[in-house]
Amino acid sequence: MIIVNLDVMMAKRKTSLNELSERVNITPANLSILKTGKARAIRFNTLEAICKELSCQPGDILEFSEQ
Amino acid sequence: MNKRLKILVVLFGVLYVAIVVFNFTSNFDDISGNFMDGYNSVGSEEGVFAMKYSILHFDVLPKGERYCDNMQNLKSGEILKVRTNTYAAKIDFAQMPAETFLIEMLLSIFAWAALFILILIPVLIFKIIRSIVKDDVFNVLNIRRLKWTGYALVFLFVFHLLNYLQVYITAKKLLELQNYEIVFTMGESYLYLIMGIGTLLFAEILKISTKIKEENELTV
């Protein structure tokens, strides 16, 4: 399964949910869905915008686990 | 809301009410007559419920010639060759064959469920229509309502089929007609089966659509 580590990256960058949602231009509700791991899919442009704002790689946000 | 969908929903609602009213008014004489027959047949012995007659509606096919009966046309006076597909016969209740008592008992129990279902189906359809009008088509409740409607229609098919079977067995056992042969048909009950399976199929399609919608909503 895919684990979302967005909360870890946000903590590392000391960014709040509302702040990041404004910067990547998606609603806080949608970002919360992503952060809590409820999302079923993520668009490339959303991933690109998040990586750009958090200055990280997609692998820093998404992680694959056997479980 | 989609205008075409709204028109279809309103049309469906009007048609449904029209069919129910038409069915009720066209069968009213039969229903009231049968009720009075039953009411009058109750035995006069104190505290004893003794049904005297049972009405059998059975299907027939001509034995030889296709138009095997004669009937006078009162307008022209000429004799017409006619035939019928169905008969209703008053049978002495005491003559009812023992083999059908089990089906009869089962039908008596099922009749209550059928009555409940006949009330349940319009309620479910009304709720589905209301949710469509409110633009809330894809939800778990609607899937459940459609499934229940489908199962209810399939149940009505089984109920009618048992009823036809019981009537067929009874009629075959008790009657031998001059020009007609008593046959087993499903009447119009197959319509319930088609509608029931169609509704269940539609429920499955709605289930898949709801899943897709959910996935779409959870795509960030």
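Just so it is clear, the model here is predicted, and its values are computed rather than measured. When reading the values below, keep in mind they use all heavy atoms of this one structure, side chains included, and skip hydrogens, waters and symmetry mates.
When the heavy atoms of residues 1-20 of chain A are compared with those of chain B, none of the residues falls under 4.5 Å. Scanning residues 26-36 of chain A against chain B with a 4.5 Å heavy-atom cutoff picks out A:Ile26, A:Asn30, A:Ile33, A:Leu34, ordered by number. Close approach to chain B, defined as a heavy atom under 4.5 Å from one of its heavy atoms, is seen in A:Lys38, A:Ala39, A:Arg40, A:Ala41, A:Ile42, A:Arg43, A:Thr46 of residues 37-53 of chain A, taken by number.
No more than 12 heavy-atom neighbours from other residues, nucleotides or ligands sit within 6.0 angstrom of CZ on B:Phe28. The number of heavy atoms from other shown groups lying within 6.0 Å of NZ (B:Lys207) does not exceed 12. Within a 6.0 Å radius of CZ in B:Phe202, no more than 12 heavy atoms belonging to other residues, nucleotides or ligands are found. Dense packing is recorded around CZ of B:Phe184, with more than 12 heavy atoms of other residues, nucleotides or ligands lying under 6.0 Å away.
For B:Ile212, the side-chain contact (heavy atoms from CB on, under 4.5 Å) test picks out B:Ile208, with sequence neighbours left out.
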